[in-house]
Amino acid sequence: MPVIVVANPKGGAGKSTTTLVLGTTIADQGGTVTIIDADPNRPIVDWKTGESQCPVKVIGDITEQNIIETIKEEAKRQQFVFVDLEGTASRLSSRAISRADLVVIPIQASAVDARQASRAVQLISEEEQMLDRLIPFRVLFTRTSSLIPTKIETDIVKGLRGAELPMFTAHLNERQAYKALFVARLSLRELSTSDVNGVAGAQKNAAEIVEELVSYILETEAA
Amino acid sequence: MSKDNFGFGTARRPAGLDRIKPGGAGLEQQTPVKDIDRAGEAIGFTSRDTSEYDIVPTRRTLGPTTAMNMRAPIAMRNRFVEFCRLEGRLSYWEGIERMMDELGIDQSGRRKR
């Protein structure tokens, strides 16, 4: 079950950060990973131009015409294929989701993010009916505090739980190290602990989410 | 760059990572893409690919250009204009170029031997 599409029609929800953190963490742990950067701003293609030795493969220049073929080709040989989508409702998103084994929907703890995330859930539901297969998805909270959750955060988490949306238990916390990834163009494992605050905390946080992701995939495959 | 001297990167390797194999539920999907597009469009996930609206150049790319004016006998001018029309609505410079090509005149202005 290797195709993981990271989607939320709202920009700035943390899609690229989520994709890069998960993709590079798994690759550094020995998994084979391709990241398909389908965001026109090409943040991960840009990241790959740095000096990182992380063995993650990154593919850019994605269009509506080549997205499906690209996913299929990579999924044949890689354990994990992540697709980082653009922050907009587009045909590219619907085509990518049609080939997904899991859709990760990152959202910040804000009402705007949550409303846009519901559009992604609606799209998944439409495609499930069209394709006559289940497309599992999970909401991932991003940029949350690693210490004390804000009241808004607590309310929104409660709201999503009430809607019975599947969620990652771990959140992708607000961490300086995640921002530093894009600046230094390195993986979390390669970041200098003397130059960036909280690298160890970010590594631990990323590993928790990866662990949850891997367990989920194994459980689904076993089912 | 940190060296990870103590091997924390692999120590936290999730159990069962090796058991995940390439493949995927969506690989053998047979549903036509147009049906997927229709499902997306119904809720606002429309095409943002602008390539079909790109203007395809109708003429070959030119290098630098300059103006070339001339006075000519009317009969010769008419003959030339008609030639350009019959050759496929050539612009005048293309008409001159076509005739020079036919005559084998090279960049130096000389006829090729």
Side-chain angles (χ1 to χ4, degrees), chain A residues 1-3 9 26 28-32 51 53 63-65 68 71-72 75-81 86 88-95 97-101 119 122-123 126-127 129-135 186 189-193 199-200 203-204 207 210-211 213-215 217-218 221, chain B residues 1-65 88-91 94:
Chain A
M1 190 224 252
V3 180
I26 295 171
D28 277 340
Q29 288 169 339
T32 56
E51 292 178 357
Q53 300 299 307
T63 63
E64 288 173 6
Q65 278 68 42
I68 290 178
I71 291 173
K72 281 170 76 172
K76 279 180 199 164
R77 45 179 174 256
Q78 300 286 76
Q79 282 179 292
F80 294 86
V81 177
E86 57 185 336
T88 184
S90 69
R91 182 177 286 173
L92 192 79
S93 305
S94 58
R95 288 188 180 181
I97 287 172
S98 76
R99 295 302 188 271
D101 295 295
R119 292 186 73 196
Q122 198 185 346
L123 177 62
E126 292 283 337
E127 294 205 22
Q129 286 177 32
M130 175 63 65
L131 303 171
D132 197 25
R133 78 172 177 99
L134 197 68
I135 304 174
L186 298 170
R189 195 177 178 182
E190 296 166 323
L191 279 183
S192 162
T193 49
V199 173
Q203 288 172 342
K204 184 169 174 284
V210 166
E211 225 166 284
L213 179 71
V214 170
S215 315
I217 291 170
L218 292 171
E221 283 183 346
Chain B
M1 200 182 287
S2 64
K3 296 276 192 289
D4 188 28
N5 291 331
F6 304 105
F8 285 113
T10 46
R12 289 201 62 93
R13 185 185 171 93
L17 182 62
D18 294 339
R19 282 195 277 132
I20 295 174
K21 302 290 176 216
L27 292 190
E28 302 309 321
Q29 198 67 63
Q30 298 298 323
T31 307
V33 173
K34 63 179 170 44
D35 290 343
I36 297 161
D37 292 346
R38 204 178 314 121
E41 277 165 17
I43 52 170
F45 286 73
T46 54
S47 176
R48 298 175 67 86
D49 185 350
T50 58
S51 60
E52 65 185 288
Y53 301 112
D54 289 348
I55 294 169
V56 177
T58 53
R59 285 174 182 265
R60 64 194 164 105
T61 310
L62 305 177
T65 59
R89 300 183 72 85
L90 301 178
S91 60
E94 286 172 319

- Message: Can a donor-acceptor pair be found, under 3.5 Å and without considering hydrogens, that links the side chain of A/E64 to the backbone of B/R48?
- Response: yes

- For A/Q122, is it the side chain, the backbone, both or neither that has a heavy atom under 4.5 Å from a heavy atom of chain B? both

- Is the side chain of A/R189 donor-acceptor paired with the backbone N or O of A/D28 at a distance under 3.5 Å, no angle test? yes

- Item | Which residues share a side-chain hydrogen bond (donor to acceptor under 3.5 Å, both in side chains) with A/S90, sequence neighbours left out | A/E86, A/S93

- Ranked by heavy-atom pairs below 4.5 Å to chain B, first place among A/T63, A/I68, A/T88 goes to A/T88

- Side chain, backbone, both or neither: which part of A/R133 has a heavy atom under 4.5 Å from chain B? side chain

- Of the backbone (N, CA, C, O) and the side chain (C-beta and beyond), which part of A/L218 lies under 4.5 Å from a heavy atom of chain B, both, or neither? side chain

- Message: Taking A/Q79's backbone N and O only, do any of them form a donor-acceptor pair with A/T32's side chain (distance below 3.5 Å, no angle check)?
- Response: yes

- Query: If only atom types and distance count, is the side chain of A/Q78 paired as donor or acceptor with the main-chain N or O of A/P2 below 3.5 Å?
  - Reply: no

- Query: Do you know which of B/V33, B/T46, B/D18, B/T31 has the most heavy-atom pairs under 4.5 Å to chain A?
  - Reply: B/T46

